[in-house]
Amino acid sequence: MINITFPDGNVRQYENGVTGQEIAESISPRLAQEVLSIGVNGDTWDLSRPINSDSSIVLYKWDDEEGKHAYWHSSAHLMAEALQELYPGIKFGIGPAIENGFYYDVDPGTAVIKESDLQNIEKKMIELAALKEDIVRQDISKTDALKLFEEKGDEYKTELISDLEDGTITLYTQGNFTDLCRGPHLRNTGEIKAIKMLSVAGAYWRGDEKRKQLTRIYGITFPKKKMLDEYLVMLEEAKKRDHRKIGKELELFMFSETVGKGLPMWLPKGTALRLRLEDFLKKIQRKYEYQQVITPHIGNKLLYITSGHYAKYGQDSFQPIHTPEEGEEYLLKPMNCPHHCEIYKHKPRSYKDLPVRMAEFGTVYRYEQSGELHGLTRVRSFTQDDAHIFCRPDQVKNEFLKVMDIINIIFKALDFTNVEVQISLRDPENKEKYIGSDENWEKAEQSIVEACEEKGLKAKVELGEAAFYGPKLDFMVRDAIGRKWQLGTIQVDYNLPERFELEYTGEDNQKHRPVMIHRAPFGSMERFVAVLIEHTAGKFPLWLTPEQVVILPVSEKYNDYANEVAKKLDARDIRVSVDDRNEKVGRKIRDNELKRIPYMLIVGEKEAENGEVNVRKQGGGEQYSQSIDDFAVSINKEVEKILKEALTF
RNA sequence: GCUGUUGUAGCUCAGGGGUAGAGCACUUCCUUGGUAAGGAAGAGGUCAUGGGUUCAAAUCCCAUCAACAGCUCCA
């Protein structure tokens, strides 16, 4: 007999060699049906694998990552089995479970797998799943494994095997399909019920662009048809919120082939929105004693040689601009910091001056690879809400805390409640990859960790994710559909002050080197607005939205009154327009709902007589009439309240 | 940059070797209206660009450009 310890601390005795499946059965038939994999002493196992010693276990169901993982992993195998039947001789790379579903990288030889083939693959998978084949685990020696896959002629699997240690190699078989795999897997392919193949893409073997590109096939499966349907509905919802779609509909921004790809242009409404966001941050920054500066969009190449960026990114950037005079080369600025360093240097600085906080909405230009461009989230020209804080080493932590406050204020004001924080530190194995002294790195990393602790932020620490010049703290938000976006960032930099030989005079009358902190609460205006669009589905908060109020005259007879109302509201800084088209009210309401305007004021005979407006809030619901004045006051109050709350600190 | 898909009216899209289609938007007219689409008429396109095949190309082929989904990259 062996002792099995459950997550709640309970211990039960079972026969030696008991399986996860049997344990689940011993608890309840329902559990036995729903359980997908089992955690044994921290590893995840198949349910059919015998347990031969005292163990702590967790039974994983669909709602557990580990359970889903096994489910999708087995689904990848089912897809591979289908592919093997449909494309004889096909070779397999890797086929893991991912956050939403699974994929398999395959080499179909001379055949080409296209999007239009997905349906066929799906059909075959359903056919195979109906056979309810058992998935069988088998330990195998490295020699035998190599021999097996060499015979199959699958060079990808043999390459994988040769990197593995003997004694840890397992195979999984279902029907005619055998795959090298660590597992764990479902008991039986019949458990896979609802299947949807999603897309095909190219993917380099082992992520190396110098190696062969395989065909990657994405899919997702669910234990219930209803869950698949819900997932597909969610995908549709995501599409509806896509900032590229809404940006076009609401006329916020555009691209032009003639201007160039990845170069967004802000339309009047988008500009209005963006300027309001910028003003908001400027107000906060004024309170936090930032100084606003403006610098040119180009800089001498020597500037970037000094900063070190030219050596690292020069060949992958927009190439230098040559002047008519010989030997002069300028670069479009890919970041603002070198310019700001020069501003810092323009006069001697005393320790009393520090910290110097220099802010600029600086537009930068980066040559992103063409395949990487994506709406407003990845572009070749964007405006950072950039600032550089030059401070003494002992001020780093405090400055960090202040920046965290600013980011917090912004996220709160915009209702980004689901914020994830990531601390990116050096890869301790690979210290030579980074610029700067060991001592400085340790100091900086420690400051970040401490600052997070002080703020009670639950930050995820990622080793090896730091920039080459310093560690950083990134703020990620999820939009309403759960997709993750990186926005705000705070980065310590011990490198640029060194390269630009920045100095201040200390109390001791000696020259000292300041520390630099790069920070951008929005990240870039482009990306932030993109995320804001998706977060709000285009229904921006009243204080931000480009159009706050639209007046709908019931008929053309009341256009004059409507214009009068508009004039009065405009005089009170309310962003208002009149829909004076020759249309019925119902039509005007519909069109202005689609434009996501928060308030519609319907005016007709009654209102004109009484000097009132009939208020209809976005989305309908309750309507009420009030005087023009009362309405104006209530709108102004609503906006002021948000700004006041946000700006009280 | 790589792989695959796509490119037809301002927008969303159908069609497809023989003189270009719909809905919405736009213009004009009718209607003068009360909380999510009133009616009619009209205007609008070198079918992404450049080559090729063909009696004939928007349609087939090649290249280029751009967008989309991934991969790789990201100061």
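By convention in this document, chain letters (A, B, ...) are assigned in the order of the sequence lines, proteins followed by strands, and residues within each chain are numbered from 1. Side-chain atoms are counted along with the backbone in the values below, which use heavy atoms only and exclude waters and symmetry mates. Source: prediction; values computed, not measured.
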Whole-angstrom distance between B:U46 and B:C30, as gauged at atom C1': 37 Å

A:E605 side-chain proximity, nearest of B:G34, B:C74, B:U72: B:G34

Other residues, nucleotides, ligands: >12 heavy atoms within 6.0 Å of A:Q315 CD: yes

Sugar-phosphate, base or nothing in reach of A:I113, heavy atoms under 4.0 Å: nothing

Between B:A69 (P) and A:K245 (NZ): distance, integer Å: 14 Å

Spacing of A:R527 atom CZ relative to B:C74 atom P, expressed in whole Å: 14 Å

A:K248 side-chain N/O to B:U12 phosphate OP1/OP2 under 4.0 Å: yes

Touch class at under 4.0 angstrom, heavy-atom based, for A:R581 against every strand present: nothing

Distance, rounded to the nearest Å, where A:L496 contributes CG and B:A75 contributes C1': 10 Å

Closest nucleotide among B:A75, B:U31, B:C71 to the A:P334 side chain: B:A75

Distance-only donor-acceptor test (3.5 Å): side chain A:D105, base B:G70: no

Sugar-phosphate, base or nothing in reach of A:G207, heavy atoms under 4.0 Å: sugar-phosphate

Sugar-phosphate only, base, or nothing, as touched by A:H518 at under 4.0 Å among non-hydrogen atoms: nothing

Sugar-phosphate only, base, or nothing, as touched by A:G371 at under 4.0 Å among non-hydrogen atoms: base

B:C68 phosphate, OP1 or OP2, under 4.0 Å from A:R244 side-chain N/O: yes

Sugar-phosphate only, base, or nothing, as touched by A:Y469 at under 4.0 Å among non-hydrogen atoms: sugar-phosphate

Touch class at under 4.0 angstrom, heavy-atom based, for A:E607 against every strand present: base

Sole residue of A:K472, A:E462, A:Q486 in side chain to side chain contact (heavy atoms under 4.5 Å, CB included) with A:Q422: A:E462

Nearest-Å distance once atom P is located in both B:G42 and B:U49: 28 Å

Nucleotide B:G4, atom P - distance to CG of A:D107 in whole Å: 13 Å

base_contact_polar (B:G70 base, A:Y204 side chain, donor-acceptor, <3.5 Å): no

Polar side-chain atom of A:R426 near backbone of A:L463 as donor-acceptor pair, under 3.5 Å: no

Any N/O donor-acceptor pair, A:D208 side-chain to B:U72 base, under 3.5 Å: no

Value in whole Å for how far the P atom of B:A66 lies from CD of A:Q369: 14 Å

Under 3.5 Å: donor-acceptor pair, side chain of A:W72, backbone of A:T221: yes

d(CG, A:N592; C1', B:A37) in whole Å: 13 Å

Centroid-centroid under 6.0 Å between A:F92 and A:Y156 rings: no

Sugar-phosphate only, base, or nothing, as touched by A:Y218 at under 4.0 Å among non-hydrogen atoms: sugar-phosphate

Nearest-nucleotide comparison on RNA chain B, the residue closer to the 5′ end among A:E556 and A:R378: A:E556

C1' spacing across the pair B:A36 / B:G17, given as an integer number of angstrom: 46 Å

Closest-nucleotide 5' rank along RNA chain B - winner of A:D591 and A:A201: A:D591

N or O in side chain of A:H374 less than 4.0 angstrom from B:G70 OP1/OP2: no

Presence of A:K584 side-chain N/O under 4.0 Å of B:G34 phosphate oxygens OP1/OP2: no

Dot-bracket encoding per residue of RNA chain B, Watson-Crick/G-U cut-off under 3.5 Å, | denoting interstrand: (((((((..((((....[..)))).(((((.......))))).....(((((..]....))))))))))))....

Sugar-phosphate only, base, or nothing, as touched by A:T215 at under 4.0 Å among non-hydrogen atoms: nothing

P gap between B:U19 and B:G33, integer Å: 50 Å

Shortest side-chain distance from A:V585, nucleotide among B:G1, B:G34, B:C71: B:G34

Under 3.5 Å: donor-acceptor pair, side chain of A:D242, backbone of A:R244: yes

Distance, C1' atom - from B:G21 to B:A9, rounded to whole angstrom: 10 Å

Under-4.0 Å salt bridge between A:K245 and A:E249: yes

Touch class at under 4.0 angstrom, heavy-atom based, for A:E249 against every strand present: nothing

Nucleotide of B:G34, B:C73, B:A36 approaching A:N614 most closely (side-chain heavy atoms): B:G34

Touch class at under 4.0 angstrom, heavy-atom based, for A:R616 against every strand present: base

Sugar-phosphate, base or nothing in reach of A:K588, heavy atoms under 4.0 Å: nothing

Any A:K261 side-chain nitrogen or oxygen under 4.0 Å from OP1 or OP2 of B:A66: yes

Output field: ring centroids A:F222/A:Y231 closer than 6.0 Å: yes

A:R616 NZ/CZ over A:Y599 ring centroid, <6.0 Å and within 45° of normal: no

A:E159, CD: over 12 other non-hydrogen atoms inside 6.0 angstrom: yes

Rounded interatomic separation in angstrom, taking CG from A:L373 and C1' from B:C68: 12 Å

Proximity of A:F318 and A:Y365 rings by center, below 6.0 Å: no

Phosphate OP1/OP2 of B:G70: any A:S199 side-chain N/O under 4.0 Å: no

Sugar-phosphate only, base, or nothing, as touched by A:V554 at under 4.0 Å among non-hydrogen atoms: base

Nearest-neighbour nucleotide for the A:Q213 side chain, B:A75, B:G70, B:U72 considered: B:G70

d(CD1, A:I220; C1', B:A69) in whole Å: 16 Å

Pairs meeting criterion side chain to side chain donor-acceptor pair (under 3.5 Å) with involvement of residues 546-562 of chain A, two or more places apart: A:K269-A:E547

A:R206/A:D163 salt bridge by N-O under 4.0 Å criterion: yes

Closest to the A:I602 side chain, choosing from B:U35, B:G4, B:C73: B:U35

Footprint string (nucleotides 39-49 of chain B, 5' to 3'): B base within contact, S backbone only, - free, heavy atoms under 4.0 Å: -----------

Euclidean distance for C1', B:A14 against B:G52 (whole angstrom): 28 Å

Check: A:K68 side chain, A:I98 main-chain N or O, donor-acceptor pair, under 3.5 Å: no

Euclidean distance for P, B:U6 against B:C60 (whole angstrom): 10 Å

Pairwise P distance, B:A75 and B:G7 [rounded to whole Å]: 36 Å

